[in-house]
Chemist: 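Okay, handing you the structure first.
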Amino acid sequence: MNEIIAYFSTIPSSHRSLILVGGITLFWLIENTFPLFQMNYKKWNHAGINFFFTFTTIVVNFILAFILIKTAEWTTQNHFGILNWLPEIPIWLYTIIGLLLLDLIGAYLAHFTQHKVKILWRFHLIHHTDTWIDTTTANRHHPGESVIRFLFTAFGVLFVGSPMWMVFLYQSLSVVASQFNHANISLPHKLDIMLSYFIVSPNMHKVHHHYVLPYTDSNYGNIFSIWDRLFGTFTTLPKEDLIYGVDTHMLPDENNKLQKLLHIPFQKTRSAKNN
């Protein structure tokens, strides 16, 4: 455990980039070999759009990174946040509690809020317009959403009182978990179910990308599945019934054009019948 702490305390930016690229590459290869669905689409064209949003997410997080660093330093120096108020506990338990709480605020709460607050949904909508869900979809976030998610993470760091090494560990796990649960991979059904009791499995998260309510408003988790089960937002749907996308934006000319995707948050709100 001490080795993990030491590594993430000084993790180079190049290693964090390697985790991002390595994860996409790994799951890209797996989904090409063991696909959940045989999707008829231009994979590289689709990936290009999602890679653009991946790049903008990296830029936003790089520009705002000093906020996380200063927040983590302040919580440590001022003994602020849940982790700093706990009695002395084993470091492994301290780490698990911290990661669970960061996932609750930085992922589950951020995701839930974006579905419930209309102005935030406008930005998150871009993620749901993808009708070909694969590992590249994980980072398909409008730059505006990247800022929103960052602010939730920063609040999580403050509330939890997590040190910077834990923040880097959480972000690394979050990236890989998102790439995994978006990947178009076919896992044995029983294995996927077993995984879904602990982490967000691919089949579990795919339900969230079904094109209509109430499925769109379910399975918000990213790393840990406990929050969906605890707050009653866990739902299942046979993979044979899955239709990706969102019912208000199902036209390929709109959901597969970068310029139009960037413009979606500023369009007039529409209902499914107007699509």
Side-chain angles (χ1 to χ4, degrees), residues 2-25 50-84 94-114 120 123-124 126-127 135-182 220-224 262 265:
N2 289 332
E3 289 79 6
I4 294 176
I5 294 174
Y7 173 72
F8 282 99
S9 295
T10 58
I11 182 171
S13 297
S14 59
H15 287 201
R16 299 182 69 198
S17 299
L18 185 62
I19 291 172
L20 172 65
V21 175
I24 291 178
T25 302
N50 292 344
F51 287 157
F52 171 83
F53 287 116
T54 300
F55 176 73
T56 59
T57 298
I58 292 172
V59 171
V60 168
N61 281 274
F62 179 79
I63 293 174
L64 300 178
F66 74 95
I67 296 176
L68 282 186
I69 295 173
K70 292 298 182 183
T71 302
E73 288 179 351
W74 186 87
T75 60
T76 300
Q77 293 170 0
N78 291 275
H79 205 69
F80 186 87
I82 292 176
L83 291 178
N84 291 305
Y94 171 91
T95 302
I96 291 175
I97 293 173
L99 292 175
L100 279 166
L101 292 175
L102 285 174
D103 187 54
L104 169 63
I105 299 171
Y108 182 90
L109 181 60
H111 200 173
F112 179 87
T113 304
Q114 287 181 97
L120 301 185
F123 291 95
H124 183 55
I126 282 73
H127 183 69
T135 192
T136 68
T137 308
N139 299 110
R140 182 187 172 111
H141 301 302
H142 191 281
E145 180 181 0
S146 296
V147 174
I148 294 166
R149 284 178 172 270
F150 181 90
L151 293 176
F152 271 92
T153 300
F155 174 71
V157 173
L158 178 65
F159 181 79
V160 178
S162 54
M164 201 60 212
W165 67 264
M166 185 179 290
V167 178
F168 284 142
L169 173 59
Y170 163 71
Q171 289 182 323
S172 299
L173 291 174
S174 181
V175 164
V176 175
S178 187
Q179 292 168 346
F180 170 63
N181 58 48
H182 283 89
Y220 296 107
N222 184 37
I223 300 177
F224 303 106
L262 289 168

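Side chains included, hydrogens not; waters and symmetry mates left out as well; all remaining heavy atoms used. What you are looking at is a predicted structure, and each value in this text was computed from that prediction instead of being measured.
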Chemist: Just do the side chain to side chain contact (heavy atoms under 4.5 Å, CB included) check on I126 and E145 with the steps written out, would you?
Modeler: CA-CA 9 Å; I126 282 73; E145 180 181 0; 5.9 Å; no
Chemist: To the closest 0.5 Å, what do you measure between CZ (F66) and CD (E73)?
Modeler: 12.5 Å
Chemist: Grab the two heavy atoms, one from S178 and one from A138, that are nearest each other, plus how far apart they are.
Modeler: OG-CB, 3.3 Å
Chemist: Starting at CG of N139, measure out to CZ of F51 and round the result to the nearest 0.5 Å.
Modeler: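 The CG atom of N139 sits 9.0 Å away from the CZ atom of F51.
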Chemist: Quick one: closest heavy-atom pair of L262 and H142, and the distance?
Modeler: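 L262 and H142 have their closest heavy atoms at O-NE2, 3.2 Å.
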Chemist: With rounding to the nearest 0.5 angstrom, report the CG to OG distance, L18 to S13.
Modeler: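 Answer rounded to 0.5 Å: 12.5 Å.
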Chemist: Can you give me the closest heavy-atom contact between I223 and A177, atom names plus distance?
Modeler: CG1-CB, 3.9 Å
Chemist: Please determine whether the number of non-hydrogen atoms from other residues, nucleotides or ligands lying under 6.0 Å from atom OH of Y7 exceeds 12.
Modeler: yes
Chemist: Rounded to the nearest 0.5 Å, how far apart are NE2 of H182 and CD1 of I24?
Modeler: 12.0 Å
Chemist: Tell me, do F150 and L68 make a side-chain contact under 4.5 Å, heavy atoms counted?
Modeler: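 Side chain of F150 against side chain of L68, heavy atoms only: contact under 4.5 Å found.
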Chemist: Return the minimal non-hydrogen interatomic distance between S162 and L83, and the atom names on each side.
Modeler: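 Smallest interatomic distance, heavy atoms only, reads CA-CD1, 4.0 Å.
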Chemist: So, for L20 and Q179, which heavy atoms are closest and what is the spacing to 0.1 Å?
Modeler: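 Here L20 and Q179 meet closest at O-NE2, 3.0 Å.
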Chemist: Please output the side-chain donor-acceptor pairs of residues 153-161 that fall under 3.5 Å, not counting sequence neighbours, one pair per line with the distance.
Modeler:
residue	atom	partner	partner atom	Å
T153	OG1	R149	O	3.1

Chemist: To the closest 0.5 Å, what do you measure between CG (L109) and CZ (F152)?
Modeler: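 So the gap between those two atoms works out to 5.0 Å.
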Chemist: Do you know the tightest heavy-atom contact between G221 and Y108?
Modeler: N-CD1, 4.1 Å
Chemist: Hey, what do you get for CE (M164) to OG1 (T71), rounding to the nearest 0.5 Å?
Modeler: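 The OG1 atom of T71 is 9.0 Å from CE of M164, to the nearest 0.5 Å.
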Chemist: Tell me, do P163 and Y94 make a side-chain contact under 4.5 Å, heavy atoms counted?
Modeler: yes
Chemist: Excluding sequence neighbours, so at least two apart, what forms ring pair (Phe, Tyr, Trp, His ring centres under 6.0 Å) with H141?
Modeler: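 Ring pair (Phe, Tyr, Trp, His ring centres under 6.0 Å) list for H141, sorted by chain: H127.
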Chemist: Heavy-atom distance under 4.5 Å between the side chains of I19 and I11, does that happen here?
Modeler: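 Yes, their side chains come closer than 4.5 Å.
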Chemist: As a test of understanding, state which of T57, I63, V59 forms a side-chain contact (heavy atoms from CB on, under 4.5 Å) with N61.
Modeler: T57
Chemist: Pairs under 3.5 angstrom only: tabulate donor-acceptor contacts from the side chains of residues 165-176 to other protein residues two or more places apart or in another chain.
Modeler:
residue	atom	partner	partner atom	Å
Q171	OE1	R16	NH2	2.4
S172	OG	F168	O	2.9
S174	OG	N222	ND2	2.7

Chemist: Kindly indicate, with the supporting measurements, whether the criterion side chain to side chain contact (heavy atoms under 4.5 Å, CB included) is fulfilled by F123 and V147.
Modeler: CA-CA 10 Å; F123 291 95; V147 174; over 6 Å; no
Chemist: Evaluate side chain to side chain contact (heavy atoms under 4.5 Å, CB included) for I58 paired with T54, printing each intermediate quantity in order.
Modeler: CA-CA 6 Å; I58 292 172; T54 300; 4.2 Å; yes
